[in-house]
Amino acid sequence: MNIDFLAHPAEEVAPKLLGTVLTRKTSEGTVSIAITETEAYSGMADPASHAYRGRTARNATMFGPAGHLYVYRSHGLHWCANVVTGTDGIASGVLIRAGRVIEGEELARKRRGAKVESPRLARGPGNVGQALGITAECNGADLLTGTSVMLSEGEPVPAALIRVGPRVGVSKAHDWQHRFYRADDPTVSAYRLSPRAKPSAEA
DNA sequence: AACCAGATCCTCT
DNA sequence: GAGGATCTGGTTT
């Protein structure tokens, strides 16, 4: 994976990340997923972004250089992973919402639970984190030169199979078409409108 | 110091 | 399809 691939606005990088491979190595073993669903988040201009109100200790990684992993805790117990994109100093990142496990399925299932169907092992951002074994320790990790979390090239997804839609579960700017996913792919998570989304924001 | 909202997930009907 | 669990970080008093 080349830094030039990531050093662009999140909404440009997000569709290009479909098909790329995210790998996580721990003492337990290695799990890799081919990314099937992403969402772009920007900085000051994006009301739904963690970085909208400026830099804080929690979102600092988003403001750093492209190619690092931004990890945050959602609803108390889910670890969600983002690939930082764009320019150093300007917040932007791509949330990895879903992927297909292509390596280490046994370990992924051990982490997720024996009953989980294969396509659901990394379906949804919280599940991606759990299947890969991503925790707060991974925040800020360099995806290009690191050895514990890595982003690499995979089979490109044909443009004709890429779909665009509104982001899942955000209450602000929920009509922004910043979600990208593979058409007809069982590993892609279901769309849900945030309970707090304002009807007046409809276009 | 207190409040509240949240880039979610799982279970149950 | 709907509802609740769960707790952290950010914002407001």
Side-chain angles (χ1 to χ4, degrees), chain A residues 9-15 17-18 22 33 35-64 68-86 90-99 101 108-140 149 163-181 186-201:
Chain A
E11 62 270 29
E12 290 180 25
V13 179
L17 281 178
L18 297 177
L22 187 60
I33 64 169
I35 296 170
T36 56
E37 180 185 1
T38 61
E39 275 177 6
Y41 288 88
S42 313
M44 308 302 188
D46 184 354
S49 171
H50 288 166
Y52 181 53
R53 295 177 186 277
R55 185 177 190 142
T56 66
R58 168 202 181 204
N59 64 25
T61 306
M62 267 188 95
F63 286 82
H68 290 250
L69 194 72
Y70 165 48
V71 178
Y72 70 91
R73 183 103 105 151
S74 177
H75 288 72
L77 49 99
H78 309 294
W79 296 107
C80 301
N82 301 246
V83 175
V84 176
T85 66
I90 298 177
S92 67
V94 176
L95 172 67
I96 307 305
R97 284 199 57 88
V101 176
R109 177 166 281 108
K110 178 184 163 193
R111 287 170 173 156
R112 291 273 293 120
K115 297 192 306 183
V116 179
E117 306 278 339
S118 293
R120 290 184 164 249
L121 286 172
R123 183 183 190 261
N127 294 331
V128 167
Q130 191 176 3
L132 290 176
I134 286 173
T135 68
E137 297 174 3
C138 303
N139 186 38
V149 199
R163 295 291 178 272
V164 185
R167 295 177 291 190
V168 176
V170 298
S171 62
K172 300 165 199 155
H174 65 277
D175 51 336
W176 287 27
Q177 305 286 300
H178 275 16
R179 174 175 178 243
F180 304 88
Y181 54 98
T187 67
V188 173
S189 67
Y191 175 75
R192 281 193 318 285
L193 181 66
S194 166
R196 284 186 240 276
K198 293 204 312 183
S200 60

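Within every chain, numbering begins at 1; the chains are lettered A, B, ... in the order of the sequence lines, protein sequences first and strands thereafter.
Residue contacts for A:Ser171: at a heavy-atom cut-off of 4.0 Å it reaches the sugar-phosphate backbone alone, with no base atom in range. Among the protein residues, A:Arg120 comes within range of no part of the nucleic acid, since none of its heavy atoms lies under 4.0 Å from any strand.
Summarising the geometry, the separation between CD on A:Glu117 and P on B:dC9 is reported as 17 Å, rounded to the nearest angstrom. Atoms CD (A:Glu11) and C1' (B:dA7) sit 16 Å apart, rounded to a whole Å. Remark: P of B:dT8 and CZ of A:Arg112 are 14 Å apart, rounded to the nearest angstrom. In this structure, A:Asn82 places its CG atom 8 Å from C1' of B:dA7, rounding to the nearest Å. If you take CH2 of A:Trp79 and P of B:dA7, they are 15 Å apart, rounded to a whole angstrom. Rounded to an integer number of Å, the gap from A:Trp176 CH2 to B:dA7 C1' is 14 Å. To the nearest angstrom, P of B:dG6 lies 14 Å from CG of A:Asp46. Rounded to whole Å, atom P of B:dA7 lies 8 Å from atom NZ of A:Lys172.
Judged by distance alone, the side chain of A:Asn82 and the main-chain N or O of A:Gly93 form no donor-acceptor pair under 3.5 Å. At distances below 3.5 Å, at least one donor-acceptor pair connects side-chain atoms of A:Ser92 with backbone N or O atoms of A:Thr85. Of the possible donor and acceptor atoms, none in the side chain of A:Arg97 sits under 3.5 Å from a partner among the backbone N and O of A:Arg167. A distance-only check finds a donor-acceptor pair linking the side chain of A:His68 to the backbone of A:Gly140 [under 3.5 Å].
In this structure, A:Trp176 CH2 and A:Ser42 OG are separated by 6.0 Å, a value rounded to the nearest 0.5 Å. In this structure, the separation between OG1 on A:Thr56 and CE on A:Met62 is 10.5 Å, given to the nearest 0.5 Å. Atom CD1 in A:Ile33 sits 8.5 Å away from atom OG1 in A:Thr187 (nearest 0.5 Å).
Relative to the side chain of A:Leu95, the nucleotides B:dC10, B:dT8, B:dA7 differ in distance, and B:dA7 lies closest. In the set B:dT8, B:dA7, B:dG6, the nucleotide with an atom closest to the side chain of A:Ser74 is B:dT8. When distances are taken from the side chain of A:Arg196 to each of B:dT8, B:dA5, B:dC10, the shortest belongs to B:dA5.
Judged by centroid separation below 5.5 Å and plane tilt below 30°, A:Tyr72 does not stack onto the base of B:dA7.
Nucleotide B:dA5: paired with C:dT8 (Watson-Crick or G-U wobble, both distances less than 3.5 Å).
Applying the 4.0 Å criterion to OP1 and OP2 of B:dG6, one finds that A:Arg192 has every side-chain N and O outside that range.
Judged by closest nucleotide on DNA chain B, A:Ser42 is the one of A:Ser42 and A:Lys115 placed further toward the 5' end.
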*Protein-to-nucleotide contact annotation, 5' to 3' order, nucleotides 5-12 of chain C [B base; S sugar-phosphate only; - none; under 4.0 Å, heavy atom]*: -BBSSSS-
